[in-house]
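The block underneath contains the structure these notes are about, expressed in C-alpha cells.
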2 protein chains.
Amino acid sequence: MTPKLEDVAKRANVSKTTVSRVLNNRGYLSQKTIDKVYAAMKELNYHPNAVARQLYKNQTNLIGILLPTVANPFFGELTDTLERLLYQQGFKVLIGNSMNDPKKETAYLNQLLSKQVDGLIVGTHNQGIKQYDYQDLPVVAIDRIMNEDIPIIASDNYHGGVLATTHLIDRGAEKIIHTNGPLTLETPSQRRRVAYEETMMAHNLTPLTYTVDFNISSEAKKVVFQKLLEEHPDVDGIFAANDTDAALIMQVAAEFGRHIPDDLLLVGYDGTKLIRDLIPSLTTIIQPIEAISTTAINVLKQRLAHEDTEKEYILPVELWPGTTG
Amino acid sequence: MTPKLEDVAKRANVSKTTVSRVLNNRGYLSQKTIDKVYAAMKELNYHPNAVARQLYKNQTNLIGILLPTVANPFFGELTDTLERLLYQQGFKVLIGNSMNDPKKETAYLNQLLSKQVDGLIVGTHNQGIKQYDYQDLPVVAIDRIMNEDIPIIASDNYHGGVLATTHLIDRGAEKIIHTNGPLTLETPSQRRRVAYEETMMAHNLTPLTYTVDFNISSEAKKVVFQKLLEEHPDVDGIFAANDTDAALIMQVAAEFGRHIPDDLLLVGYDGTKLIRDLIPSLTTIIQPIEAISTTAINVLKQRLAHEDTEKEYILPVELWPGTTG
DNA sequence: TTGTAAGCGTTATCAA
DNA sequence: TTGATAACGCTTACAA
C-alpha cells in the first residue's frame with residue numbers, strides 16, 4: 001500500500017495534524033519536528049493523496065476543456081495555450097473532445113458536473129444543449145452561444161469577415177464565394193457570414209454563401225469544393241471558413257487548372273502559428289488565441305470567485321497578408 | 001450547497017445506503033423505493049460527488065497524458081486518438097504539455113503521483129528524469145526510453161529510416177542529409193539516424209546527420225536549414241526529422257532557388273492526417289497513430305491489472321509516396 | 001508548539 | 001428489502 005499521512009506520523013512520532021502542518025507549512029512548528037517529518041516522508045517515499053484533499057476542500061484545481069478535437073490546429077493551439085496559462089495558475093486540465101457529437105458532449109457535461117472539475121471551458125459547436133442545467137459549475141464559452149448565463153469569449157468575427165471580404169474586393173475579385181457552417185448553428189462565427197454579405201452588398205456585389213458541414217471528412221469536403229468550382233466557373237475569390245478548408249480548396253483549384261492568386265483569390269480563417277509555418281503564402285485572418293485564452297481564464301476565475309462578468313468579450317483579429325488573396 | 005446523498009435520502013425517506021444502492025443498482029430494491037429515490041434526485045437535481053467516490057474506491061478513472069505539446073500535429077492527433085479510445089473504456093484524460101521543459105515535466109509527474117490519475121502515458125523528450133521513482137503508478141512510454149521497468153510503445157523507427165533513405169537513393173539522390181535531434185536524447189527515434197547511416201553506407205554513400213534542436217522556434221529552424229543549404233550546395237536529398245521541419249525546408253529551398261523534386265528530393269516523417277491533407281505532395285513516413293494508441297492503452301490496462309507486459313512494442317510504419325521525394 | 005476528534009460525500013459490511 | 005456504521009486519507013477547529 002502507498003503510505004498515508006498516518007504512516008508518516010507514526011514513523012516520526014508525531015500526530016497526523018503535525019504532519020499535515022508540515023506538508024502545508026501552516027502554524028508554528030519547531031525546526032526539529034519539521035526535519036523529523038520530512039525525514040519520515042522521504043524514508044517512506046510519501047506523496048499526499050490529492051483526492052482526499054480535494055474531498056475535504058471541495059475543490060479539485062481541475063478545469064475541463066470541451067472542444068471538438070485537439071487534432072485541428074486551431075483547437076490544438078487553443079488547448080495548448082489554455083493548458084500553459086492554467087498550469088501557471090495552479091490548475092490542471094481535463095480534456096474532452098466531443099467531435100461535435102452531441103451525445104458525447106452531453107455525457108461529458110454530465111460527468112464533469114459531478115464536482116470533477118472546478119470550472120469548464122466549452123467550445124464545441126452543438127445545438128440543443130443550450131437548456132443544460134449547469135447548477136453551480138462555472139462555465140465560459142469560447143466562440144459558442146450556450147445560454148444567457150454563460151459568458152462568451154470570441155474574436156471579432158464580424159470584423160474578420162469585413163477584413164477578408166474587403167481584402168478580396170480590393171484585390172479585384174467580384175464574384176466572391178464564402179464557405180461557412182450550417183446556419184442552424186448559432187455560433188458567433190456566423191457573424192462572419194453576415195459581415196461578408198453586408199460588405200458584398202455595400203460594394204454592389206452579390207453574396208453567395210456555400211454551406212459546408214464542419215464534421216465531414218476532408219475527402220468529402222474536397223467533393224463539395226469541386227462542386228463549388230463546377231457550379232461557379234466564374235468565381236474569382238473565395239473566403240473560406242478556415243485555413244484547412246482553404247488548403248483543400250488550393251488543391252482542388254489546382255486540379256481544375258485554376259491558378260492562385262492569378263485567376264482565383266483565396267482567404268482562409270484562423271491563422272494559427274502552425275498554418276503560418278506550413279503554408280505562409282495563405283492569406284488569412286488571425287484569431288488571437290493567446291488573448292482568447294487569457295480572457296477565458298480570467299472570466300472563469302471571476303466566475304469561480306462569484307464575481308459578476310460581462311456577457312460577451314470580443315477580441316481583435318488581424319490580417320495575415322500572404323500571397324493567395 | 002449542492003445536494004448530497006444524504007439530502008436525497010431525507011427527501012425520499014430512506015437511508016443513505018438505499019440511495020447509494022439505487023445509484024449503483026446493486027442489491028435488492030423494491031420498484032417503489034427506486035421510483036421514490038429517483039424522484040427525489042430529480043427534484044433536488046442531484047449529481048453524485050465524483051471525488052468522494054474516487055476516495056473510497058481509490059481510483060479516479062483518469063489517465064494522465066504527458067506530451068511536449070498538443071499544438072504539434074503528431075502529438076495533437078495522438079492525444080485526440082488516445083482520448084477517444086480511453087473515453088470508450090470509461091477513462092477521462094488529464095493532459096500535461098511539458099514543452100520538453102524538464103522542470104514542468106517533473107512537476108507534473110510529482111503531482112500526478114498523488115493518486116490523481118490511475119495511470120500515465122508519457123511521450124516527452126527529456127533526459128535525466130529516468131531515475132524517477134514511479135512508485136506504483138502504472139506508466140507506459142510512447143517513443144521514449146524511461147527506465148527498465150517502463151514498457152515502450154514505438155513505431156518501427158529503424159524501418160522508417162530504411163524506407164525513407166532507400167526511397168531517396170532509389171530516386172537517384174546520392175548526397176543525402178538527414179536531420180535529427182541531439183544524440184544526447186536516447187529516444188527510439190535515434191534509430192532512424194542509425195537506419196539512415198547504415199543504409200547509406202550499404203550503398204557506399206556518405207551519411208551526414210544534421211542536428212536540429214526540437215524545441216527551437218520555426219524561425220530559428222529556418223536559419224539552421226539555410227545554413228545547411230549554404231554549407232552543402234550539392235545536397236540532392238534530405239530526410240527530415242518530421243513533416244513540419246520538411247515544410248520549412250521546402251520554403252527555404254524555394255528561397256535558394258532549389259526546385260523540389262527536380263534538383264532536391266525531400267522526405268518527411270510522421271505523416272499525420274493533417275499534413276497529408278494540407279500538403280499531400282510531401283513524401284513522408286506514416287506513423288501508425290491509431291495502433292500506437294491502442295497498444296499504449298492495452299499495455300497500460302495490463303499494468304493497471306498487475307499483469308506482466310513486454311518491454312517494447314514496435315508498430316509498423318508506411319511510406320506515403322507524395323511527389324517531393 | 002503539538003494533539004484529539006470531527007468532518008468532507010461516498011460505498012460496503014453486517015445486521016435486522 | 002432496508003438501515004446503522006465504519007471506512008477511504010486528508011484538513012482544521014478546538015483543546016492542551
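What you see below is based on every heavy atom in this structure, not just the backbone, and it leaves out hydrogens, waters and symmetry mates. To find a chain, count down the sequence lines: A is the first, B the second, and so on, and within it residues start at 1.
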Rounded distance in Å - CG (Leu44(A)) to C1' (dG9(D)): 15 Å
Rounded distance in Å - CG (Leu55(A)) to C1' (dT10(C)): 8 Å
Gln116(A) CD - dG9(C) C1' separation (whole Å): 14 Å
DNA chain D: 5'-proximal contact among Lys4(A) and Thr18(B) (nearest heavy atom): Thr18(B)
Among dG3(C), dG3(D), dT11(D), the one nearest Arg21(B) by side-chain distance: dG3(D)
Short side-chain N/O contact to dT11(C) OP1/OP2 from Ser20(B), under 4.0 Å: yes
Whole-Å gap separating C1' (dT2(C)) and NZ (Lys36(A)): 10 Å
Just the atom pairs and distances: protein N or O near nucleotides 5-7 of chain C's N or O, under 3.5 Å.
none

Pairwise 5' ranking along DNA chain D for Lys57(A) and Val51(A), keeping only the more 5' one: Val51(A)
Spacing of Lys115(A) atom NZ relative to dG9(C) atom P, expressed in whole Å: 8 Å
Sugar-phosphate, base or nothing in reach of Asn58(B), heavy atoms under 4.0 Å: nothing
Residues that Arg53(B) engages under salt bridge (Lys or Arg N to Asp or Glu O under 4.0 Å), provided they are two or more places apart: none
Modelled atom types, side-chain donor and acceptor of Lys301(B) and Gln89(B), under 3.5 Å: yes
salt_bridge(Lys104(B), Glu83(A)) N-O dist < 4.0 Å: yes
Touch class at under 4.0 angstrom, heavy-atom based, for Val14(A) against every strand present: sugar-phosphate
Results of ring-ring contact (aromatic ring centres under 6.0 Å, His included) for Tyr87(B) - residues two or more places apart only: Tyr108(A)
Spacing between Gln54(B) atom CD and dG9(D) atom C1', to the nearest angstrom: 13 Å
Main-chain N/O of Leu29(B) paired to Thr33(B) side chain as donor or acceptor, under 3.5 Å: no
N/O (side chain, Thr33(A)) to phosphate O (OP1/OP2, dT2(C)) under 4.0 Å: yes
Thr17(A) side chain to Ser20(A) side chain, donor-acceptor N/O pair below 3.5 angstrom: no
Nucleotide dT11(D), atom P - distance to CG of Asn24(A) in whole Å: 5 Å
Angle of first-five versus last-five pair axes in the helix from dT1(C)-dA16(D) to dA16(C)-dT1(D), to 10 degrees: 40°
Non-neighbouring partners of Glu290(B) that pass salt bridge (Lys or Arg N to Asp or Glu O under 4.0 Å), sequence neighbours left out: Arg84(B)
Under 4.0 angstrom between Asn49(A) side-chain N/O and dC8(D) OP1 or OP2: no
Validation: residues 61-77 of chain A side-chain donor-acceptor distances under 3.5 Å, sequence neighbours left out:
from, atom 1, to, atom 2, distance (Å)
Asn61(A), OD1, Gln59(A), NE2, 3.1
Thr69(A), OG1, Ala71(A), N, 2.9
Thr69(A), OG1, Asp80(B), OD1, 2.6
Asn72(A), OD1, Phe74(A), N, 2.8
Asn72(A), OD1, Phe75(A), N, 3.1
Glu77(A), OE1, Lys273(A), N, 3.0
Glu77(A), OE2, Lys273(A), N, 3.1
Glu77(A), OE2, Leu274(A), N, 2.8

Asp143(A)-Asn157(A) side chain donor-acceptor pair, cut-off 3.5 Å: yes
Under 4.0 angstrom between Arg53(A) side-chain N/O and dG9(D) OP1 or OP2: no
Atom pair distance, as rounded to whole Å: CD1 in Ile34(A) and C1' in dT1(C): 11 Å
Closest to the Ser30(A) side chain, choosing from dT2(D), dT1(C), dG9(C): dT1(C)
Any Arg26(B) side-chain N or O less than 4.0 Å from OP1/OP2 of dT11(C): no
Short N-O contact, Glu105(A) and Arg144(A), less than 4.0 angstrom: yes
Any Tyr46(A) side-chain N or O less than 4.0 Å from OP1/OP2 of dG9(D): no
